[in-house]
Amino acid sequence: MQILFLHNNFPAQFGGLAAYLADNGWQVWFGTQRKGSSSPTVNVFVYEPHRELTEGIHPYSNSWERAVINGQSMARAALKIGEKMLSPDIVVSHSGWGNGLFAKDVWPNARTVGYFEWYYNSPGPDVAFLDPSTPKPDQRARSRCRNAPILLDLTSVDLGFCPTNWQKSQFPVEFKHKLVVHHDGVDTSYFSPKKTNGLNVRDTHLPDDAEIVTYVARGMEPYRGFPQFMEALARLQARRPNIHGVIVGEDRVAYGKKLEDGDSHLKQALDRLPLDMKRTHFTGYLSRSEYRDVLRASAIHVYLTVPFVLSWSMMEAMSTGCLLAASNTSPVREVANNENAILVNFNDPADISRKLFDALESPDKQTHRREAARDTILRTYASEKIFEEKRQMLEALVDRTPQKIAV
C-alpha cells in the first residue's frame with residue numbers, strides 16, 4: 001500500500017500516523033513546504049509555491065489563489081518524481097491550504113482523504129466569543145470566501161477526518177456524511193507521568209518545593225486566553241509566595257487579530273499587571289523533551305481557549321497526569337469535565353485564580369482528577385489505538401467496503 005501525506009508543515013498532524021504505517025510495511029510519502037524536512041522511514045519531498053499572489057487581486061480571493069498555487073506546486077513536484085516511484089493508493093491532505101486540490105487530477109485512481117480542521121462560519125463561534133457584535137458585511141464575505149478551497153475538497157474527497165465532534169459540527173450539514181470524527185492521537189507512552197525534582201529547562205531552574213503553574217501555547221494571544229491567564233497568575237502570586245508561572249510559547253499572535261507593530265499581548269500584560277518577575281518565567285519554544293519536563297513538573301496546568309480548534313497541549317498535559325484547569329468552553333467540554341479537570345470561566349481571571357488557589361491548598365484531594373485525566377486519554381485518544389483504527393479505515397477505503405469505515 002502506498003500513501004502520500006500533504007501538509008504545509010512537517011511532520012504536523014500526520015507525522016505519527018506516517019511513521020506507524022511505514023513500520024507496518026506501507027510505502028509512505030510526505031509532501032511539504034517545510035525546507036530541510038527528512039525522515040529515516042518516510043519518503044519526503046519539499047516543494048514551494050512557484051510564484052506570489054497576483055498584485056492587486058481582490059482581497060476576498062487571496063486564500064483561493066494561494067490554495068491554487070499551492071496545489072499546482074505540489075502537482076508539479078509530484079509529476080517530476082514520476083509514477084514509477086510515486087503512484088499512491090491514498091492521498092491524505094490537510095484541507096484549506098490547497099496542497100491536495102489537484103490530487104484527483106494527478107492520480108485519478110487514488111482514494112483521497114481530507115483532514116478537515118476548521119470551517120469558517122460567520123459569525124464564527126471563536127470570533128463571536130471574543131466580540132459578540134454582529135460582523136460587518138465585509139467580514140462575513142471574507143469568511144465565506146475563505147471556505148472556497150475547503151468546499152472544493154469536500155466535494156472531491158472520498159473520506160474526511162475531523163479531530164473532534166465539536167469541530168465537525170462547524171461544517172455544512174450537506175457534507176457531514178463524509179466526515180468521520182477521529183483524533184490525531186496522543187503518544188501516551190511518551191507523555192506519561194513521572195515525579196520530578198523541581199524544573200531545569202533552559203534558563204529556568206526551580207526547586208522541588210516550588211508550586212509551578214504552567215501555560216503552553218504557540219503564541220500569546222486572546223484566542224488562548226493569555227491576558228486572562230497572566231492576570232490570574234498575578235492574583236495568585238499575591239496570595240501564594242511560592243507560586244511560579246512557567247509560560248511556554250512565543251511572544252506573537254498565532255490565531256486572531258494581530259496588534260500594531262511594537263505592541264504585543266505580553267507587553268500589555270507586563271505593563272498592566274503587578275507580576276513578580278522573579279517568579280514569572282518565559283521559556284520560548286522548547287524541544288519535545290523539554291516541553292514534557294515542564295508538564296511533568298507542573299503543579300497545575302492552565303489551558304484556556306475560545307470555541308476554536310482544540311490544542312494538542314491540553315490532551316498531552318492530561319496524558320502526562322497534570323492537574324488541568326481548563327476553560328469551560330465547547331471544545332474543552334468534549335474531553336474535559338469536573339471529574340478529570342477543573343473547569344474555569346475563560347473571561348474571569350478572579351474565578352481562575354480562586355479555583356487554582358483552592359486546588360493548590362489541597363493537592364492530595366486532586367489525585368483522582370490527575371488519574372482520571374490520564375485515563376481519559378488512554379481510553380479514547382491513545383495513538384497506538386488511533387493509528388491502528390486509521391490503518392483499518394484506510395485499507396477499507398481502498399477495498400471499497402464502506403461498512404468497515406463507519407466508527
Side-chain angles (χ1 to χ4, degrees), residues 5 7-20 32 34 92 94-96 115-118 126 161-168 170 181-193 214-221 223-226 229 246-250 252 254-256 283-296 298 301-327 329-336 340-341 370 373-387 389-390:
F5 292 97
H7 200 294
N8 275 9
N9 297 313
F10 178 87
Q13 287 95 338
F14 303 146
L17 177 61
Y20 178 84
T32 180
R34 184 174 180 180
V92 181
H94 187 291
S95 183
Y115 180 89
F116 294 95
E117 195 167 23
W118 193 246
D126 50 338
F161 288 123
C162 279
T164 65
N165 284 292
W166 188 81
Q167 285 167 259
K168 178 181 176 178
Q170 305 306 307
V181 175
H182 210 249
H183 194 262
D184 311 328
V186 178
D187 189 342
T188 55
S189 297
Y190 189 83
F191 290 102
S192 59
T214 55
Y215 173 94
V216 175
R218 290 171 61 194
M220 301 177 186
E221 60 213 352
Y223 259 63
R224 300 307 191 193
F226 178 75
F229 168 76
V246 176
I247 298 97
V248 179
E250 285 193 327
R252 67 184 184 95
Y255 300 111
T283 68
Y285 272 148
L286 297 178
S287 69
R288 195 166 183 248
S289 62
E290 290 170 328
Y291 160 55
R292 182 181 63 175
D293 288 345
V294 169
L295 294 179
R296 284 176 167 173
S298 177
H301 179 77
V302 180
Y303 176 74
L304 307 174
T305 185
V306 303
F308 189 55
V309 173
L310 193 66
S311 304
W312 290 345
S313 63
M314 187 191 92
M315 303 175 84
E316 289 165 348
M318 295 174 73
S319 180
T320 310
C322 286
L323 174 58
L324 176 69
S327 55
T329 46
S330 299
V332 169
R333 288 194 299 269
E334 186 168 331
V335 181
N340 59 17
R370 291 176 176 269
R374 178 160 172 82
D375 183 63
T376 296
I377 303 303
L378 286 171
R379 284 187 292 105
T380 309
Y381 301 101
S383 57
E384 56 266 32
K385 172 181 178 291
I386 292 286
F387 294 163
E389 289 175 351
K390 273 201 171 76

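Residue numbers count from 1 along this sequence.
At a threshold of 4.5 Å between non-hydrogen side-chain atoms, the residues Phe226 and Glu221 do not count as touching. Taking 4.5 Å as the limit, some side-chain heavy atom of Ser192 sits within range of a side-chain heavy atom of Arg374. Under the 4.5 Å side-chain criterion, counting only non-hydrogen atoms from C-beta, Asp126 is not in contact with Tyr255. In this structure the side chain of Val335 reaches within 4.5 angstrom of the side chain of Met314, judged on heavy atoms. Between Tyr381 and Met318, every side-chain heavy-atom pair lies at or beyond the 4.5 Å cut-off. With contacts defined as side-chain heavy-atom distances shorter than 4.5 Å, the pair Tyr303/Arg224 qualifies. Tyr291 has its side chain within reach of Glu316: a pair of non-hydrogen atoms, C-beta onward, lies under 4.5 Å apart. Looking at heavy atoms from C-beta onward, Met315 lies out of side-chain contact with Phe191 at the 4.5 angstrom threshold.
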Original post:
Yes or no on side-chain contact (heavy atoms from CB on, under 4.5 Å) for His7 and Tyr115, after CA distance, side-chain angles and deciding distance?
Top reply: CA-CA 10 Å; His7 200 294; Tyr115 180 89; over 6 Å; no

Subject >> Working for salt bridge (Lys or Arg N to Asp or Glu O under 4.0 Å), residues Asp187 and Arg292 >> reply: CA-CA 12 Å; Asp187 189 342; Arg292 182 181 63 175; over 6 Å; no

**OP:** Would you please test Tyr285 and Arg218 for side-chain contact (heavy atoms from CB on, under 4.5 Å) and show each step?
**Re:** CA-CA 8 Å; Tyr285 272 148; Arg218 290 171 61 194; 4.0 Å; yes

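Under the ring-ring contact (aromatic ring centres under 6.0 Å, His included) criterion, Tyr223 pairs with Phe308, not counting sequence neighbours. Residues passing the ring-ring contact (aromatic ring centres under 6.0 Å, His included) test with Phe229 are Tyr215, sequence neighbours excluded. For the ring-ring contact (aromatic ring centres under 6.0 Å, His included) test, residues two or more places apart in sequence or in another chain that qualify with Trp166 are Trp118. Under the side chain to side chain contact (heavy atoms under 4.5 Å, CB included) criterion, Thr214 pairs with Ile212, Val246, Val294, Ser298, His301, not counting sequence neighbours. Evaluation of the side chain to side chain contact (heavy atoms under 4.5 Å, CB included) rule for Thr32 yields Phe10, Phe30, Arg34, Ser37, Val44, Val46 as partners, not counting sequence neighbours. Checked against side chain to side chain contact (heavy atoms under 4.5 Å, CB included), Thr380 has no partners two or more places apart in sequence or in another chain.
A donor-acceptor pair shorter than 3.5 Å cannot be found between the side chains of Gln13 and Asp184.
For the atom pair OG1 (Thr188) and CD1 (Ile377), the distance works out to 9.0 Å, reported to the nearest 0.5 Å. Here Ser311 contributes atom OG and Leu304 contributes atom CG; the two are 10.5 Å apart, rounded to the nearest 0.5 Å. Note that CD of Gln170 and CZ of Phe116 are 15.0 Å apart. Values are rounded to the nearest 0.5 Å. The CD atom of Glu384 sits 5.0 Å away from atom OG of Ser189, with the distance rounded to the nearest 0.5 Å. How far NE2 of His183 is from CD of Glu334: 9.0 Å, rounded to the nearest 0.5 Å. With values rounded to the nearest 0.5 angstrom, Leu295 atom CG is found 12.5 Å from Glu290 atom CD.
Nearest heavy-atom pair, Ala373 versus Cys322, reported as atom, atom and distance to 0.1 Å: CB-O, 4.3 Å. In this structure, Val248 and Gly284 approach most closely via the heavy-atom pair CG1-O, 3.6 Å. Leu324 and Ala336 make their closest contact through CD2-CB, 4.3 Å (heavy atoms, listed as atom of the first residue, atom of the second, distance). In plain terms, the two heavy atoms of Ser327 and Thr305 that are nearest each other are OG-N, 3.1 Å. Smallest separation of non-hydrogen atoms from Arg379 and Asp375: NE-OD2, 2.7 Å. Between Gly219 and Ala254, the closest heavy-atom pair is N-CB, 4.3 Å.
Ring orientation note: the planes of Tyr20 and Phe387 are tilted relative to one another, at an angle of 30° to 60°.
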